[in-house]
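Read through the structure below, which is laid out as structure tokens, and then see the notes.
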Amino acid sequence: MAKVQNIKGMRDHLPPAMMLRQHIVATITGVCERHGFEPLQTPIIEYAEALEGKLGDDESLIYRFEDHGGRRLALRYDQTVPLARVVAQYAGQITLPWRRYALGPSYRGERPARGRYREFYQADADIVGSSSPLADAEIVAMLTESLTALGFPDFVTMLNHRQIVGGVARASGLDEASAGGVYRAIDKFDKIGADGVRDELLRGGVSAESAAQILALVQIEGPPAEVLAALSERLAGDERALAALENLRAIIDGLGQMGVPPERYKVAPRLARGLSYYTGLVFEAITPHWPEGSLLGGGRYDELVGQFAGRPIPTVGLAFGIDRLHDVMEELKIGPRPATTAVAYVTIFGPEQMADSLALARELRAGGVNTLISLDSGGLGKQFKDADRKGVSYALVLGPDEIARGEVVIKDLRGGGQRAVPRAEVVAALGEA
RNA sequence: GUGCCUGUAGCUCAAUGGUUAGAGCGCCUGACUGUGGCUCAGGAGGCUGUGGGUUCGAAACCCAUCAGGCACCCCA
């Protein structure tokens with residue numbers, strides 16, 4: 001007999017979890033569509049070649065295999081590479097700038113942990129073909145709207161720019177090659193502290209003097225305007241870093257004008273982010289309730305999309321990790337938690353009343369009320385118990401007396417109590433309840 | 001991928017190497033032939049993750065394997 005087991009790092013989502021997941025998805029796609037983003041879906045499988053050479057060190061995490069024809073294929077690693085492929089492949093049918101969102105599973109062969117799985121769902125939202133700081137700001141605004149709508153009480157989005165991070169490294173006399181180690185070290189600041197970062201930098205061959213400078217830059221905190229001012233002072237000689245600071249300033253202005261609450265974002269020079277394809281803005285939303293890491297992140301990547309198209313196509317975007325959002329919401333006990341999809345449970349008094357009950361169920365459904373019909377006419381007690389255990393809020397009774405009077409009894413299984421309402425008013429009564 | 005911890009009923013957990021592996025919750029039946037939750041009485045449910053080994057004897061000790069958790073790594 002086959003193993004009764006799912007694959008390591010891949011999960012089944014039973015109804016209670018699935019209902020929360022669908023709420024998360026509906027909330028996020030709602031925000032996307034209110035911003036005029038268009039949906040896109042691509043296959044889970046891509047040519048391995050399409051994914052290779054874009055992820056830096058972690059290509060070993062890609063699931064690869066051969067199909068029956070010997071083609072080298074791979075499961076997609078994120079939604080970004082397929083986006084780049086689509087933009088190049090359908091260049092004639094897509095008008096830039098293009099706002100699109102995509103929802104679906106991606107696969108990484110990592111060691112699973114809490115909030116991190118080998119199969120995970122992402123909702124990806126990107127603005128393709130614009131380098132305007134307004135595009136960057138809109139993405140961050142959508143992130144803020146989404147997390148707020150989901151009910152996250154206290155999240156903050158940390159903003160930084162890759163060329164500021166690069167400037168930090170350059171200011172310390174390091175070349176691009178050794179910069180990667182510097183990014184990784186400072187990215188861990190919140191986890192291992194200043195001394196931890198210093199140790200790691202020294203181990204990586206950075207001089208004590210440079211390490212001290214990097215640490216000083218990275219620890220600058222305060223209101224965005226002040227942080228930007230302090231950074232431009234320290235990075236004064238670095239053209240690219242100054243341009244980046246100007247860009248970040250424009251993005252932050254945009255956030256203000258879009259009405260993003262100031263307490264929801266801050267400039268954080270220590271934010272680096274691992275993915276190597278980011279070129280401009282980088283950001284991560286964090287909450288104190290999830291010390292394991294970020295809720296979601298993203299940034300600007302002006303070169304990746306162009307790799308397929310053969311010309312630069314500036315793009316900024318973000319990825320919501322549905323699984324991670326779900327895990328955190330589960331832990332914080334936020335979000336709706338319906339026990340089932342049905343609101344009403346229509347009992348069947350007996351064989352004589354079955355037709356009336358089925359007709360009532362049909363009326364309720366036509367009126368937009370999710371309705372469960374009993375499969376058992378063997379006693380009301382049993383049916384009430386069934387309805388209660390399913391978590392349905394209202395049980396409806398249509399016995400001989402009710403039918404004679406043209407009424408339906410609505411029994412409130414949550415609060416207790418019951419009342420008789422005229423048959424014609426049942427949908428309205430449940431609608432307002 | 002590396003290191004550490006864990007795996008016993010549907011769930012949460014008990015059980016000095018020694019009878020037939022237990023409890024709470026949940027589940028099923030009944031008390032209750034037009035009314036769930038509360039109460040009471042009864043009942044079902046286990047090759048102790050899997051496969052080897054040590055031992056007179058293993059849920060417990062050893063090895064392997066699978067799965068989960070934590071740290072590293074990285075990230076959604």
Side-chain angles (χ1 to χ4, degrees), chain A residues 1 3-11 14 24 28 55-61 76-80 103-125 143 180-181 183-185 187-188 191-192 196 200 271-276 278 282-286 290-299 317-328 345 347-350 352-353 374 377-403 409-418 420:
Chain A
M1 190 161 111
K3 272 201 264 192
V4 183
Q5 189 174 71
N6 47 351
I7 305 294
K8 180 188 177 107
M10 307 202 182
R11 304 185 298 165
L14 267 35
I24 294 170
I28 292 171
L55 304 168
D57 312 331
D58 289 313
E59 299 212 344
S60 58
L61 300 180
R76 69 176 173 219
Y77 180 90
D78 60 20
Q79 297 271 15
T80 307
L103 179 89
S106 295
Y107 300 84
R108 296 180 192 178
E110 290 182 292
R111 186 74 171 260
R114 187 155 184 73
R116 166 196 232 171
Y117 306 93
R118 289 184 169 176
E119 176 183 71
F120 58 100
Y121 276 70
Q122 284 183 321
D124 217 62
L143 172 179
Y183 298 162
R184 274 194 294 279
D187 207 28
K188 279 187 236 167
K191 203 178 253 182
I192 61 179
E200 190 145 331
L271 177 70
R273 288 185 65 74
L275 279 180
S276 50
Y278 291 115
V282 290
F283 58 85
E284 270 181 12
I286 58 168
W290 189 254
E292 280 87 346
S294 65
L295 284 176
L296 57 88
L318 84 161
F320 293 90
I322 305 296
D323 301 87
R324 185 164 293 180
L325 290 173
H326 181 276
D327 284 356
V328 179
Y345 183 108
T347 58
I348 296 177
F349 190 88
E352 309 292 309
Q353 291 76 26
S374 172
S377 58
L380 283 180
K382 206 171 168 184
Q383 298 182 55
F384 286 141
K385 192 168 182 176
D386 185 42
D388 181 48
R389 281 186 318 192
K390 282 277 187 309
V392 183
S393 296
Y394 300 97
L396 307 196
V397 181
L398 208 45
D401 300 347
E402 287 79 13
I403 292 171
V409 164
I410 300 177
K411 183 176 172 63
D412 184 344
L413 294 172
R414 294 284 174 80
Q418 63 183 48

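The sequence lines fix the lettering, A, B, ..., with proteins before strands; numbering per chain opens at 1.
Residue A:Gly379 is classed as having no contact, given no heavy-atom separation below 4.0 Å to the nucleic acid. Within the nucleic acid shown, A:Gln418 comes within 4.0 Å of at least one base atom, counting heavy atoms only. Residue contacts for A:Tyr121: at a heavy-atom cut-off of 4.0 Å it reaches no nucleic acid atom on any strand shown. Within 4.0 Å of A:Lys188, counting heavy atoms only, lie sugar-phosphate atoms of the nucleic acid but no base atom. Within the 4.0 angstrom heavy-atom criterion, base atoms lie near A:Tyr117. Within 4.0 Å of A:Val397, counting heavy atoms only, lies at least one base atom of the nucleic acid. A:Ala113 comes within contact range of the sugar-phosphate backbone alone, with a heavy-atom separation under 4.0 Å but no base atom that close. Using a 4.0 Å heavy-atom distance criterion, A:Asn6 is classed as making no nucleic acid contact.
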So which protein nitrogen or oxygen atoms get under 3.5 Å of nucleotides 1-7 of chain B's nitrogens or oxygens?
from: B:rU2; atom 1: O4; to: A:Arg111; atom 2: NH1; distance (Å): 2.7
from: B:rG3; atom 1: O6; to: A:Arg111; atom 2: NH2; distance (Å): 3.3

Using atom names, set out every protein N or O paired with an N or O of nucleotides 37-43 of chain B below 3.5 Å, distance rounded to 0.1 Å.
from: B:rG37; atom 1: N2; to: A:Arg414; atom 2: O; distance (Å): 3.2

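When the C1' atom is compared between B:rG46 and B:rU8, the two are found 8 Å apart, to the nearest whole Å. The separation of B:rC47 from B:rA21, taken at their C1' atoms, amounts to 13 Å, rounded to a whole angstrom. Distance noted for atom P between B:rG24 and B:rC61: 27 Å (whole Å). When the C1' atom is compared between B:rA14 and B:rA76, the two are found 39 Å apart, to the nearest whole Å. Comparing B:rC13 with B:rU29, their C1' atoms sit 27 Å apart, to the nearest whole Å. Spacing between B:rG52 and B:rG69 at atom P, rounded to whole Å, works out to 28 Å. When the C1' atom is used for both B:rU16 and B:rA60, the distance is 10 Å, rounded to whole Å. Comparing the same atom, C1', in B:rG36 and in B:rU48 gives a spacing of 37 Å after rounding to whole Å.
One interatomic measurement links the two molecules: CD1 of A:Ile286 to P of B:rC75, which rounds to 16 Å at whole-angstrom precision. The interatomic distance linking A:Ile348 (CD1) with B:rU35 (C1') rounds to 16 Å, in whole Å. Distance, A:Ile410 CD1 to B:rG36 C1': 17 Å, rounded to whole Å. Rounded to whole Å, the distance from CZ on A:Arg324 to P on B:rC75 is 11 Å. In this structure, A:Arg389 places its CZ atom 18 Å from P of B:rC11, rounding to the nearest Å. Rounded to whole Å, atom P of B:rG49 lies 18 Å from atom NZ of A:Lys8. Per the geometry, NZ belonging to A:Lys390 stands 17 Å off P belonging to B:rG26, to the nearest Å. Computed from coordinates, the A:Phe384 CZ to B:rC32 C1' distance equals 13 Å when rounded to whole Å.
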task: Determine, stepwise, if the pair A:Arg118 / A:Ile7 fulfils side-chain contact (heavy atoms from CB on, under 4.5 Å).
output: CA-CA 9 Å; A:Arg118 289 184 169 176; A:Ile7 305 294; over 6 Å; no

message: Using side-chain contact (heavy atoms from CB on, under 4.5 Å), reason through A:Asp124 and A:Asp78 one step at a time and then give a plain yes or no.
response: CA-CA 9 Å; A:Asp124 217 62; A:Asp78 60 20; over 6 Å; no

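Residue A:Gln353 comes nearest to A:Ile403 through the heavy atom pair CG-CD1, 3.6 Å, listed as atom of the first residue, atom of the second, then distance. The minimum heavy-atom distance between A:Ala123 and A:Ile28, with the atom names listed, is CB-CG2, 3.9 Å. Across every non-hydrogen atom of A:Leu413 and A:Ala395, the tightest pair is CD1-CB, 3.9 Å.
Using a cutoff of 4.0 Å between basic side-chain nitrogens and carboxylate oxygens, A:Asp386 and A:Lys390 are scored as salt-bridged.
The closest donor-acceptor contact from the side chain of A:Asp323 to the backbone of A:Phe120 lies at 3.5 Å or more, if one exists at all. A donor-acceptor contact shorter than 3.5 Å is absent between the side chain of A:Gln79 and the backbone of A:Ala319. Remark: side-chain polar atoms of A:Arg414 are not paired, donor with acceptor, to backbone N or O of A:Tyr394 under 3.5 angstrom.
When each of A:Gly297 and A:Gly381 is assigned the nucleotide of RNA chain B with its nearest heavy atom, A:Gly381 is the one assigned upstream, toward the 5' end. Take the nearest nucleotide of RNA chain B for A:Glu119 and for A:Pro112: the residue whose nucleotide is more 5' is A:Pro112.
Shown here is A:Gln418, whose CD atom has more than 12 heavy atoms of other residues, nucleotides or ligands within 6.0 Å.
Rounded to the nearest 0.5 angstrom, A:Leu143 CG and A:Glu284 CD are separated by 10.5 Å.
Listed by chain and residue number, A:Arg116 satisfy the side chain to side chain donor-acceptor pair (under 3.5 Å) test with A:Glu110 (two or more places apart in sequence, or in another chain). Residues passing the side chain to side chain donor-acceptor pair (under 3.5 Å) test with A:Glu200 are A:Lys188, sequence neighbours excluded. Residues that satisfy the side chain to side chain contact (heavy atoms under 4.5 Å, CB included) test with A:Pro105, not counting sequence neighbours, are A:Ile44, A:Arg76, A:Tyr107, A:Glu119, A:Tyr121.
Residue side chain A:Phe120 meets the stacking definition with respect to B:rA76: its ring centre sits within less than 5.5 angstrom of the base's six-membered ring centre, and the planes differ by less than 30 degrees.
If you check distances only, the side chain of A:Glu402 does reach the base of B:rG34 with a donor-acceptor pair under 3.5 Å.
In RNA chain B, consecutive stretches of 3 or more Watson-Crick or G-U wobble pairs with both distances under 3.5 Å are given as paired ranges: B:1-7 with B:66-72, B:10-13 with B:22-25, B:27-31 with B:39-43, B:49-53 with B:61-65.
Between A:Arg76 and the phosphate of B:rA76, there is no side-chain N or O to OP1/OP2 separation shorter than 4.0 Å.
The nucleotide whose nearest atom lies closest to any side-chain atom of A:Phe349 is, among B:rG34, B:rA76, B:rC27, B:rG34.
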